[in-house]
Asks: 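Quick one: the structure is below, questions incoming.
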2 protein chains.
Amino acid sequence: MPRVVDHAARRSEIVLALWGVIHERGLDGVSFRAVAEAAGVSIGRIQHYFASKEELIREGCTQMVVAAQSRYAELSRSGGPEHQLWTLVSGPVPSTRPQRLGAAVWYAYLAKSVAEPALREIIGAAIEDAGARAIRLLTTVRSGADGEGTDAVGARHGAEARSRSEHEALALLALGDGLAQRVVVGAIDGPEALAALAEEFTRRGLTPGGILD
Amino acid sequence: MPRVVDHAARRSEIVLALWGVIHERGLDGVSFRAVAEAAGVSIGRIQHYFASKEELIREGCTQMVVAAQSRYAELSRSGGPEHQLWTLVSGPVPSTRPQRLGAAVWYAYLAKSVAEPALREIIGAAIEDAGARAIRLLTTVRSGADGEGTDAVGARHGAEARSRSEHEALALLALGDGLAQRVVVGAIDGPEALAALAEEFTRRGLTPGGILD
DNA sequence: CCTTTCGCAGTATGTTCATATCGCAATGGT
DNA sequence: ACCATTGCGATATGAACATACTGCGAAAGG
């Protein structure tokens, strides 16, 4: 058998170059030529690994979701539900340069997803996943904080609490996204956004995590 | 002099068609051909009114900002600062179909602004303007609510209050943006977003406005 | 050493696009 | 009635692009 290369690694290299192109030229502005140049390889190689431009862009989107989820998994590994919630909500807020790049690329995908069902599906699933996770974490935190019983009254109370948790989770996630957006646009910087988020956590009786790099 | 037409009106017609194209095909996908088709006019006409594709897209962005600001001005005309604040913060959240279109287009511009300084300037100014307005309104509301004096202690207290108002305004605006984003992506619908926003207003001791169409 | 098979660079092809240009039509002043 | 000026449809031009295709070099087993 002939020459063996790590297929997945090569694809990741190319996707990385793709993100660079998206960041500095927008999702339009992506072409095989541009990506090949950014990656420092030939156009032929890009074509060899991705059958079409669409597939390349789609793969870039799923890898972005995967990267975000692994990052969350790693950062939230050690820590209680409160810390995990902070990690989840503050995740979108970029505080380093590569994170800013990632966030900007993410917004490009988000905007495109309106017109592109394939992207909408990927992104919609990711958002739904984060939402469900946040609700679960918040419910745990809230029920753990109260000394709630498990009798009938407590159960009714629990249903109410679940609904409140849903609203609260939505508000927290939306706040994180909104702040992230402002960082990407340059209206505020990362630390400011994280400070605002931390303040909001505190105001809700939650413990914000530290500012991670 | 020859044939007289309303220049501005023609430009607006074309920009409207541009928005339609952006909405259903993304900012890439915009071409003179596509816009001409959407507007039901010839390519030549588009060229006659816009020297380049870039200029067309840029004009589309400024008109979007102008439209949002006029809408705010009109909706907030009758009402105190609290009502104006609600109008400002809930403005980005789309609750009708044309508003959803507008919001989607706005996100396309937002994403592109990362790579396009011309757009970044327009959008940055709009965001800054909204931010300043929100801070002003919130400061007014907060100082009006307390029965604060104007002595030295009151003044120091006022500086603190200003800083708190800044943080609070940021949080409210970011929340509005984050909720709007989720509506655009389809994770929640307009009423849900407005309800979440209203709940947040209430939680902060502010009066949310009604759900406007 | 030789052959087979994959990795991938380079080039060809047809399409789409932005933009420049031409020319006709409409119009209002003279 | 005529003409200068503007609106704008239509077409030409050349660049950029996605994609298909060709072929060579490099390995890995026989």
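Residue numbering restarts at 1 for every chain, and letters A, B, ... go by the order of the sequence lines.
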Asks: In whole Å, I'd like the distance from the CZ atom of Arg10(B) to the C1' atom of dT6(D).
Replies: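 In whole Å, dT6(D) C1' and Arg10(B) CZ are 13 Å from each other.
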Asks: Between the base of dA20(C) and the side chain of Gln47(B), is there any donor-acceptor pair under 3.5 Å?
Replies: yes
Asks: Measure CG/Leu56(A) against C1'/dC17(D) and give the value in whole Å, please.
Replies: 14 Å
Asks: What ring pair (Phe, Tyr, Trp, His ring centres under 6.0 Å) pairs are there with at least one residue in residues 27-53 of chain A, not counting sequence neighbours?
Replies: His7(A)-Tyr49(A)
Asks: Which whole-number value in Å describes the distance from Glu13(A) CD to dG7(C) P?
Replies: 14 Å
Asks: When the distance from NZ of Lys53(A) to P of dT16(C) is rounded to whole Å, what number comes out?
Replies: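 So the NZ-P distance, Lys53(A) to dT16(C), works out to 14 Å.
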Asks: How many angstroms lie between CE in Met64(A) and CD1 in Ile122(A), if you round to the nearest 0.5 Å?
Replies: 12.0 Å
Asks: Output every pair passing side-chain hydrogen bond (donor to acceptor under 3.5 Å, both in side chains) with a member in residues 107-116 of chain A, not counting sequence neighbours, ordered by first then second residue.
Replies: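 Sorted pair list: Tyr107(A)-Gln181(B), Lys112(A)-Asp28(B).
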Asks: Of all the choices, dG7(D), dA18(D), dT19(C), which nucleotide is nearest to the side chain of Ile43(B) once you look at every atom?
Replies: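 Taking heavy atoms from C-beta onward, the closest nucleotide is dT19(C).
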Asks: Is a donor on one side and an acceptor on the other found under 3.5 Å between the side chain of Arg100(B) and the backbone of Pro94(B)?
Replies: no
Asks: Pick base, sugar-phosphate or nothing for Tyr49(A), based on heavy-atom distances below 4.0 Å to the nucleic acid.
Replies: sugar-phosphate
Asks: Considering only dA18(C), dC8(D), dG7(C), which nucleotide approaches the side chain of His48(A) most closely?
Replies: dG7(C)
Asks: Any residue in residues 27-35 of chain A with a heavy atom nearer than 4.0 angstrom to DNA chain D? Just list them by number, or reply none.
Replies: Val30(A), Ser31(A), Phe32(A), Arg33(A)
Asks: What is the distance, rounded to the nearest whole Å, between atom CZ of Phe50(A) and atom P of dA20(D)?
Replies: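 Answer to the nearest Å: 16 Å.
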Asks: Taking CD1 from Ile46(A) and P from dC21(D), how many angstroms apart are they, rounded to a whole number?
Replies: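 Rounded to the whole Å, the gap is 20 Å.
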Asks: Quick one: CD on Glu82(A) to CZ on Arg142(A), what's the gap to the nearest 0.5 Å?
Replies: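 Result: 8.0 Å between the selected atoms.
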Asks: Hey, could you give me the CG/CG distance between Leu137(B) and Leu172(B), rounded to the nearest 0.5 Å?
Replies: 11.0 Å
Asks: Can you check the Arg45(A) CZ to dC8(C) C1' distance for me, whole Å?
Replies: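 One finds 8 Å between C1' of dC8(C) and CZ of Arg45(A), rounded.
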Asks: Roughly how far apart are Leu173(B) CG and Arg133(B) CZ, rounded to 0.5 Å?
Replies: 11.5 Å
